[in-house]
2 protein chains.
Amino acid sequence: MKTIGKLAKELDISVETIRFYERKGLIVQPLKPENGYRLYNNILANQLKFILKAKALGFTLHEIASLMSLSGNCADVESMGLQKLRLIREKIADLQRLEGVIKEMTDSCKANQDPNSCPIINSLN
Amino acid sequence: MKTIGKLAKELDISVETIRFYERKGLIVQPLKPENGYRLYNNILANQLKFILKAKALGFTLHEIASLMSLSGNCADVESMGLQKLRLIREKIADLQRLEGVIKEMTDSCKANQDPNSCPIINSLN
DNA sequence: ATAAAGGCCGTACATAAGTACGGAGTCAAT
DNA sequence: ATTGACTCCGTACTTATGTACGGCCTTTAT
């Protein structure tokens, strides 16, 4: 059983963040002994690790809450994963379009002679 | 000279957004005649169009303010463009890594037999 | 002349994901 | 026993990019 401070240090997040996740309903408030301090067992600690890993995969806290409530039903979890995958692919495509446009622009800067007339600015005007 | 409402409609943004950009210093407050109404000339309208185009390219309002203040110095503008390009490429790489991880996970869901034990959930635990 | 539409201003609210603060109680070490 | 570290709680603040609201004034159309 760890106090909130130990757990926070172990997970490399802040105490406030743990309390924030609790307020948001991602984890339950652990039972508190007579002194009123939160004490975390391994189950709770693992739930927090789950949250952090899912966050690293780009899931929002809201999605993570759903994910946790699906309690292992594989089809539902898969469907959330596929949805996220679609979103990620859309974002990639968007960024690649952007990459092309901005690369063109900076290339035309390189080809430009007059330092006081910028093709980027001109193309935006 | 257009009133704020006409201009907003023409640019397909809201009146509030124009006032917001003004508060943020992206555009100046146009001179107002005796009735106190903002009246926009073409210069101002073009600046707004510039803002919208740059926004579509993924520049933040803050970056757009810088961009506008560079007043056409090509080297400076190019440097901002290149920086943005680096950022975009990093984001793309990040998303592609994510794509791989999540695709693996959903694939292993497809291969899974037991609907009550999900490889995604298991891998996060 | 009157009513609807448009404009003004300042402020609050929205979202996401936290961070910061202040006052008070508690625990651990010297 | 005292000091410093830790915890509690509730609330406010943060960043980015707006949106919404309420009260009041002006313009426009009928």
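Convention: sequence-line order gives letters A, B, ...; per-chain numbering from 1.
Legend: residues meeting side chain to side chain contact (heavy atoms under 4.5 Å, CB included) with B:Leu39, ordered by chain and number and at least two apart, are B:Met1, B:Thr3, B:Pro33. Every side chain to side chain contact (heavy atoms under 4.5 Å, CB included) that B:Leu87 has, sequence neighbours left out, goes to B:Lys84. Remark: B:Thr17 engages B:Ser14 in a side chain to side chain donor-acceptor pair (under 3.5 Å) (not counting sequence neighbours). Taking the side chain to side chain donor-acceptor pair (under 3.5 Å) definition, one finds that B:Gln113 meets it with nothing, sequence neighbours left out. Listed by chain and residue number, B:Lys103 satisfy the side chain to side chain donor-acceptor pair (under 3.5 Å) test with B:Asp107 (two or more places apart in sequence, or in another chain). Legend: residues meeting side chain to side chain contact (heavy atoms under 4.5 Å, CB included) with B:Ala45, ordered by chain and number and at least two apart, are B:Leu7.
Applying the side-chain hydrogen bond (donor to acceptor under 3.5 Å, both in side chains) rule to pairs touching residues 92-102 of chain A yields A:Asp94-A:Arg97, A:Glu99-B:Arg89, sequence neighbours excluded.
Side-chain atoms of A:Ile27 and A:Ile18, non-hydrogen and from C-beta on, do get closer than 4.5 Å to each other. Using a 4.5 Å heavy-atom threshold, the side chains of B:Asn41 and B:Pro30 count as separate. Side-chain atoms of A:Arg19 and A:Arg38, non-hydrogen and from C-beta on, do get closer than 4.5 Å to each other. Here the side chains of B:Lys2 and B:Asn42 are in contact, with some heavy-atom distance below 4.5 Å.
For A:Leu11 and C:dG18, the CG to P distance is 13 Å, given to the nearest whole Å. At whole-Å resolution of the value, NZ in A:Lys24 and C1' in C:dG18 are 10 Å apart. Taking atom CZ on A:Phe59 and atom P on C:dA16, their separation rounds to 16 Å, with Å as the unit. Remark: P of C:dT19 and CG of A:Leu61 are 11 Å apart, rounded to the nearest angstrom.
Residue contacts for A:Lys55: at a heavy-atom cut-off of 4.0 Å it reaches the sugar-phosphate backbone alone, with no base atom in range. Using a 4.0 Å heavy-atom cutoff across all strands shown, B:Gln29 reaches sugar-phosphate atoms only and no base atom.
If you chain together hydrophobic residues whose side chains sit under 4.5 Å apart, A:Val28 and A:Tyr21 fall into the same group.
In the 5' to 3' direction, nucleotides of DNA chain D lying under 4.0 Å from heavy atoms of chain A begin and end at D:dC6 to D:dG10.
The rotation axes computed at either terminus of the helix from C:dA1-D:dT30 to C:dT30-D:dA1 lie 10° apart, taking five pairs at each end and rounding to 10 degrees.
A donor-acceptor pair under 3.5 Å is absent between the side-chain atoms of B:Ser79 and the main chain of B:Ala75, judged by distance alone. Using a distance-only test at 3.5 Å, with no hydrogens or angles considered, a donor-acceptor pair links the side chain of A:Asn112 to the main chain of A:Ser117.
The line from OH of B:Tyr40 to CG of B:Leu48 is 7.0 Å long, rounded to the nearest 0.5 Å.
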Open item on the list: How would you summarise protein contacts on nucleotides 24-30 of chain C per nucleotide, using B for base, S for sugar-phosphate only and - for none, with heavy-atom distances below 4.0 Å?
Closed with: -BBS---

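Residues from residues 14-22 of chain A lying near DNA chain C, meaning a heavy-atom separation below 4.0 Å, are A:Ser14, A:Glu16, A:Thr17, A:Phe20, A:Tyr21 in numerical order. Of all the residues in residues 83-92 of chain B, not one reaches under 4.0 Å from DNA chain C with any non-hydrogen atom.
Map B:Arg23 and B:Lys6 each onto its nearest nucleotide of DNA chain C; the residue landing nearer the 5' end is B:Lys6.
In this model, the phosphate group of C:dC9 is approached by a side-chain N or O of B:Lys32 to a distance below 4.0 Å at OP1 or OP2.
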Open item on the list: One pair to check against side-chain contact (heavy atoms from CB on, under 4.5 Å): A:Tyr37 and A:Ile4. What are the steps and the verdict?
Closed with: CA-CA 8 Å; A:Tyr37 285 16; A:Ile4 196 169; over 6 Å; no

